[in-house]
Undergrad: 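The structure's right below; bear with me while I get my questions together.
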Amino acid sequence: MPMLRPNRWALPMLVLAAVATMAAQQSLPKGWTMDGSGPQVTAITRTCDDAHGGRCSVRLSSDGAPSLGGFGPGFGALAQRVSAAEYAGRRVALSGWLKTKNAKAAGLWLRANAGATVAAFDNMDDRRVVGTEPWTRYTLAIDVPEGASAVAFGVLLTGGGTVWGDDLELVVVDEREVPSTDILPRDKVFRTISRDAAKMPRRPVNLGFEEE
């Protein structure tokens, strides 16, 4: 698996840890928050116009405006964080269905935090969903270390276009059957905003985006 140049994804890694204050947040599905790197670069909304399963899905769309400071294209991420209490010391997989239209780069993302340190991470940067693709299921897997504080995950859009997400699932898997997709360089240390894990929910919610 090719490693990513630090200057290409270190900034998104750091920015992803800070919750962006955007007007579009008022239309987010229940239980989800919004991260991003540019002022209003991405609109994230729950929609019942198109779904893989059930009635509704989530849609991320962008005109491809530059990120703050002009560091490449802006990105937006739908985010949910849960306590790592039930996942620590185990391999965890995030699966979900994505559909795209003229997307510059889209995907799922999954991260394990150990306090303020990013311990494991995958954002599909080495296998981005590009262009226009029908509903397709994708799976990410990382090892959550003992002592981890939180697991964060969601849907990501970099640059312009649209991505829909639906029917996400976060589960513990057998490491003998599901390979890790962790892309975190082991010679790098990344920091994220530390949050009180005791105040985080123990399990994910609203993974099918049926609740407003």
Side-chain angles (χ1 to χ4, degrees), residues 1-4 9 12-13 16 29 31-33 35 44 46 50-54 56-60 75-101 103-114 118-145 148 150-158 161-186 190 192 201-210:
M1 178 181 297
M3 286 296 183
L4 306 178
W9 76 292
M13 275 284 296
L16 201 90
W32 294 89
T33 60
D35 289 356
I44 301 181
R46 173 179 176 268
D50 194 353
H52 170 263
C56 303
S57 63
V58 68
R59 180 180 66 228
L60 289 71
F75 79 96
L78 183 73
Q80 189 169 151
R81 296 170 181 83
V82 296
S83 167
E86 297 188 10
Y87 306 107
R90 310 170 82 177
R91 181 163 294 175
V92 174
L94 172 69
S95 296
W97 291 81
L98 300 178
K99 172 184 173 179
T100 59
K101 181 178 180 181
K104 179 70 173 180
L108 299 172
W109 65 275
L110 176 62
R111 187 182 72 216
N113 291 354
V118 177
F121 181 74
D122 183 13
N123 65 354
M124 295 181 59
D125 195 72
D126 59 347
R127 56 197 189 285
R128 301 174 176 184
V129 184
V130 178
T132 300
E133 297 291 342
W135 285 110
T136 304
R137 187 173 184 263
Y138 300 92
T139 299
L140 289 62
I142 61 173
D143 293 322
V144 181
V151 174
F153 61 94
V155 181
L156 176 70
L157 176 67
T158 301
T162 303
V163 58
W164 290 261
D166 202 2
D167 296 331
L168 273 60
E169 183 180 32
L170 185 70
V171 297
V172 173
V173 295
D174 188 333
E175 63 183 28
R176 296 168 298 181
E177 299 178 358
V178 181
S180 171
T181 62
D182 190 351
I183 64 172
L184 187 69
R186 293 307 166 194
F190 294 96
T192 183
R202 292 180 65 89
R203 297 181 179 86
V205 298
N206 198 21
L207 299 184
F209 308 104
E210 297 301 307

Undergrad: Under 3.5 Å, side chain of R81 to main-chain N/O of A150, donor-acceptor pair present?
TA: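 Between the backbone of A150 and the side chain of R81 there is no qualifying donor-acceptor contact (under 3.5 Å).
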
Undergrad: Looking only at heavy atoms, which two atoms of A119 and A114 are closest? And how far apart?
TA: CB-CB, 4.2 Å

Undergrad: Walk me through whether R202 and E86 qualify under side-chain contact (heavy atoms from CB on, under 4.5 Å).
TA: CA-CA 7 Å; R202 292 180 65 89; E86 297 188 10; 3.3 Å; yes

Undergrad: R90 and V172: which non-hydrogen atoms are nearest, and at how many Å?
TA: NE-CG1, 3.4 Å

Undergrad: Could you tell me if the side chain of K99 sits less than 4.5 Å from the side chain of D166, heavy atoms only?
TA: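 With C-beta onward as the side chain, the pair stays apart.
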
Undergrad: CZ of R46 to CG of N206: how many Å apart, nearest 0.5 Å?
TA: 7.5 Å

Undergrad: Is a side-chain donor-acceptor pair under 3.5 Å present for T162 with R59?
TA: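 Their side chains do not contain a donor-acceptor pair, so the 3.5 Å distance test is not met.
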
Undergrad: Kindly indicate whether the side chain of Q80, heavy atoms from C-beta on, has any atom under 4.5 Å from the side chain of L168.
TA: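 No. Closest side-chain heavy atoms not under 4.5 Å.
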
Undergrad: Can you check side-chain contact (heavy atoms from CB on, under 4.5 Å) on T139 and L94, steps first, answer last?
TA: CA-CA 6 Å; T139 299; L94 172 69; over 6 Å; no

Undergrad: Could you tell me the separation between the OG1 atom of T132 and the NZ atom of K101, rounded to the nearest 0.5 Å?
TA: 7.5 Å

Undergrad: Using only atom types and a distance under 3.5 Å, with no angle test, would you say the side chain of S95 pairs donor to acceptor with the backbone of E169?
TA: no

Undergrad: Out of curiosity, E133 CD to L98 CG, how far, rounded to the nearest 0.5 Å?
TA: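 Those atoms lie 10.5 Å apart.
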
Undergrad: Distance-only, no hydrogens or angles: does the T100 side chain make a donor-acceptor pair with backbone N or O of V163 under 3.5 Å?
TA: no

Undergrad: Measure across P29 and F209 and return the closest heavy-atom pair with its distance rounded to 0.1 Å.
TA: CG-CD2, 3.7 Å

Undergrad: Start with the C-alpha distance between L108 and V155, add both sets of side-chain angles, then the distance that settles side-chain contact (heavy atoms from CB on, under 4.5 Å), and finish with yes or no.
TA: CA-CA 4 Å; L108 299 172; V155 181; 4.0 Å; yes

Undergrad: Taking all atoms of both residues into account, what is the closest heavy-atom pair of M124 and G107, and its distance?
TA: SD-CA, 3.8 Å

Undergrad: Looking only at non-hydrogen atoms, find the nearest pair between V118 and R111 and report the distance.
TA: CG1-CG, 3.7 Å

Undergrad: Without swapping roles, check the side chain of W109 against the backbone of L78 for a donor-acceptor pair under 3.5 Å.
TA: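 Here the side-chain-to-backbone pair exists.
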
Undergrad: Look at the side chain of S57 and the backbone N and O of D50, then say whether any donor-acceptor pair between them is shorter than 3.5 Å.
TA: yes

Undergrad: Please step through side-chain contact (heavy atoms from CB on, under 4.5 Å) for the pair Y87 and L170, ending with a clear verdict.
TA: CA-CA 10 Å; Y87 306 107; L170 185 70; 3.9 Å; yes

Undergrad: Are L207 and F153 packed together at the side-chain level, in the sense that at least one heavy-atom pair is separated by less than 4.5 angstrom?
TA: yes

Undergrad: If you round to the nearest 0.5 Å, how far is CG of L156 from CG of N123?
TA: 6.0 Å

Undergrad: Tell me the closest heavy-atom pair linking D182 and A120, and the distance in Å.
TA: OD2-CB, 3.4 Å

Undergrad: Between CH2 of W32 and CD1 of I44, what distance do you get to the nearest 0.5 Å?
TA: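 Here the rounded value is 10.0 Å.
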
